[in-house]
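Values reported hereafter were calculated over all heavy atoms of this structure, with side chains retained and with hydrogens, waters and symmetry mates removed. Counting convention: from 1, in listed order, for ligands and their atoms alike.
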Amino acid sequence: MSSRTSISFVTLIKTVAIVTAPTLVVLLLLAAFGSLSFDGALYSYFLILVFTTLITKLFLANVSTLTNYVNDLAEDKQVEDPDIKYLSAVSELPRALIHLHHSWEKKKQQMGSIITEREILVDSLPDILVMCNDDKIIVRTNKAARSIFGQNLANKHLGNIIPNDDLLNGVAGVIEELRGRELEFHLNEPVPRDFRAIIERFPVASGGGISVIITLNDVTELRRVEKMRADFVANASHEIRTPLASIKGFIETLRGPAKDDLAVHEQFLKVMDDQATRMTNLINDLLSLSKIEMNAQTIPEGKVDILRIIRNEKETFSWALKDKSMTIKLDVPDNLPNARGEERELMQVMHNLLGNAIKYGNAGTEVVVSARVTSVLPQEQVMAKLHRAICISIIDHGDGIPSEHLPRLTERFYRVDSARTRAIGGTGLGLAIVKHIIHRHHGVLVVDSVVGEGSTFSVYLPLYAEE
Ligand code: ADP
């Protein structure tokens with residue numbers, strides 16, 4: 001607490017008395033030796049007293065201004081340079097103090113900008129930083145931490161903010177053993193996430209400063225992709241192993257028990273041929289998928305004539321249609337505008353969807369392919385900026401797909417009725433390829449199906465000229 005000082009009357013009198021004491025002695029001696037009358041000596045002393053008091057008062061006022069100035073500096077208050085003109089004539093001290101104050105201010109500003117820079121640096125780190133003391137009370141956090149765990153984290157217990165035993169035990173271990181460590185943990189709230197934590201120990205500043213810094217890396221996506229990749233490899237191997245095992249079995253039979261039976265030879269060779277075709281289809285689909293994934297980040301910008309693609313695909317499937325006594329009805333205007341995309345990939349979309357409609361449609365039924373420009377668009381983010389799009393619908397009359405399967409239909413190797421679709425010859429990758437291509441084109445796939453009636457697969461694509 002600073003107390004403002006001011007000159008007291010007693011101090012003034014005391015100072016004046018001390019300063020004028022030698023003069024009084026000289027005047028009294030002059031009076032005693034008769035060089036000055038006693039009255040003259042008294043008058044002279046009185047005049048000297050008055051002038052000295054006036055001068056001393058000004059001087060003392062400056063001293064108390066300077067004292068207040070130094071007190072304010074010590075308390076880090078904002079201060080103006082003091083007006084101490086009477087004092088500066090006497091000594092260099094006031095100027096030295098003002099100089100000290102200015103260099104102090106400069107250093108404070110430098111420190112302030114260093115702290116601000118470091119805060120900006122820590123805040124701009126994508127990793128989550130949480131700093132705690134030995135009692136696991138949060139001392140500081142960065143922006144990434146606050147955006148995930150909420151604002152005002154300081155002074156809260158780490159366990160209340162990140163309630164995970166693995167992490168808390170890890171932090172306790174680091175505090176005890178004085179050695180950093182790394183660990184992974186899973187959090188269910190607010191959304192399920194996987195984190196990799198690096199816990200480092202730092203010397204404790206007095207007063208319970210930072211002792212532990214926890215750096216968290218969100219590895220949820222990484223783990224998801226790793227799992228997907230592992231599942232994919234397992235599924236793909238399984239899909240290839242099945243026809244291979246079957247071919248191997250037939251070869252053994254042909255070499256052994258059915259060695260001389262020509263009728264059986266013919267029958268088995270046909271099955272082996274089918275299995276080899278199945279593997280070829282599977283490998284082709286896998287290659288297509290990987291090629292599409294490699295280009296996933298670039299949006300195709302070409303001009304694509306959808307009507308031409310539909311007519312070509314109808315032609316391609318003419319034999320399969322005849323086989324099942326099915327027909328295709330086209331409902332597409334001749335002046336259908338171009339879509340924006342890559343022709344080869346959109347041909348594959350049409351090929352897979354039309355192929356499925358024929359594969360899963362009932363024999364003797366009609367498949368309808370319609371295409372039109374529409375302003376009624378699905379409520380998807382990619383469609384938000386569009387006013388219109390081309391909608392291509394492939395409508396079949398088959399068994400349909402029960403609604404519980406619809407959300408998973410475009411997953412790799414997902415089949416509604418595994419045994420039946422494998423028998424039909426499907427790879428389980430057709431719709432995954434369709435989804436990836438449409439996604440790359442910033443389009444949308446919508447599937448509607450009624451069990452016992454059939455399915456409609458609708459593809460929405462941006463128009464070529466549309467911004
Ligand atoms: P597949 O090569 O097995 O046909 P897809 O990825 O093309 O693989 O399709 C996935 C699954 O979706 C199919 O196995 C099938 O069960 C179902 N499905 C696809 N299209 C249709 C359709 N038009 N009608 C009924 N079911 C379908």
Visitor: Are any of the heavy atoms in D396 under 4.0 Å away from ligand 1?
Guide: yes
Visitor: Any atoms of ligand 1 less than 4.0 Å from a non-hydrogen atom of L409? List them with their elements.
Guide: 12 (O)
Visitor: Where on L431 is there a heavy atom closer than 4.0 Å to ligand 1, on the side chain, on the backbone, on both, or on neither?
Guide: both
Visitor: So which atom in I394 and which in A357 form the shortest heavy-atom distance, rounded to 0.1 Å?
Guide: CG2-CB, 3.7 Å
Visitor: Just do the side-chain contact (heavy atoms from CB on, under 4.5 Å) check on I401 and L406 with the steps written out, would you?
Guide: CA-CA 7 Å; I401 306 160; L406 293 182; 3.9 Å; yes
Visitor: Could you tell me, atom by atom, which parts of ligand 1 come under 4.0 Å of a heavy atom of G428?
Guide: 1 (P), 2 (O), 3 (O), 6 (O), 8 (O)
Visitor: By number and element, which atoms of ligand 1 are closer than 4.0 Å to a non-hydrogen atom of V416?
Guide: 16 (O), 17 (C)
Visitor: Can we say R412 and D231 salt-bridge, meaning some charged N sits less than 4.0 Å from an Asp/Glu carboxylate O?
Guide: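 Answer for the salt bridge query: no.
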Visitor: Taking all non-hydrogen atoms of both residues into account, name the closest pair between Y464 and E301 and its distance.
Guide: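 The pair with the smallest heavy-atom distance is CE1-O, 3.4 Å.
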Visitor: Using a strict 4.0 Å cut-off to heavy atoms of T427, name the atoms of ligand 1 that fall inside it.
Guide: 1 (P), 2 (O), 3 (O)
Visitor: Between the candidates V367, I401, D399, which shows the shortest non-hydrogen contact distance to atom 26 (N) of ligand 1?
Guide: I401
Visitor: Is it true that R229 and E226 have a side-chain N and a carboxylate O under 4.0 angstrom from each other?
Guide: no
Visitor: Under the side chain to side chain donor-acceptor pair (under 3.5 Å) test against R193, which residue among N188, T220, D218 passes?
Guide: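 Only one option passes, and that is D218.
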Visitor: One thing to verify: whether R278 and D285 come together as a salt bridge, which I'm taking to mean a side-chain N less than 4.0 angstrom from a carboxylate O.
Guide: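 So D285 does not pair with R278 through a salt bridge.
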Visitor: With atoms numbered from 1 as shown, which atoms in ligand 1 lie under 4.0 angstrom from a non-hydrogen atom of K359?
Guide: 1 (P), 2 (O), 4 (O)
Visitor: I'd like to check which ligand 1 atoms, numbered from 1 as shown, lie under 4.0 Å from a non-hydrogen atom of R415.
Guide: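 Listed by number with element: 3 (O), 14 (O).
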Visitor: For ligand 1, which atoms sit closer than 4.0 Å to a heavy atom of Y414?
Guide: 10 (C), 11 (C)
Visitor: Please could you name the atoms of ligand 1 that S455 approaches to less than 4.0 Å, counting only its heavy atoms?
Guide: 24 (N)
Visitor: Y69 vs H101 aromatic rings, parallel, tilted or perpendicular, using cut-offs 30° and 60°?
Guide: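 Ring orientation, 0 to 90° scale: perpendicular.
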Visitor: Polar contacts were defined as any N/O atom of the residue lying under 3.5 Å from an N/O atom of the ligand; does this apply to G430 and ligand 1?
Guide: yes
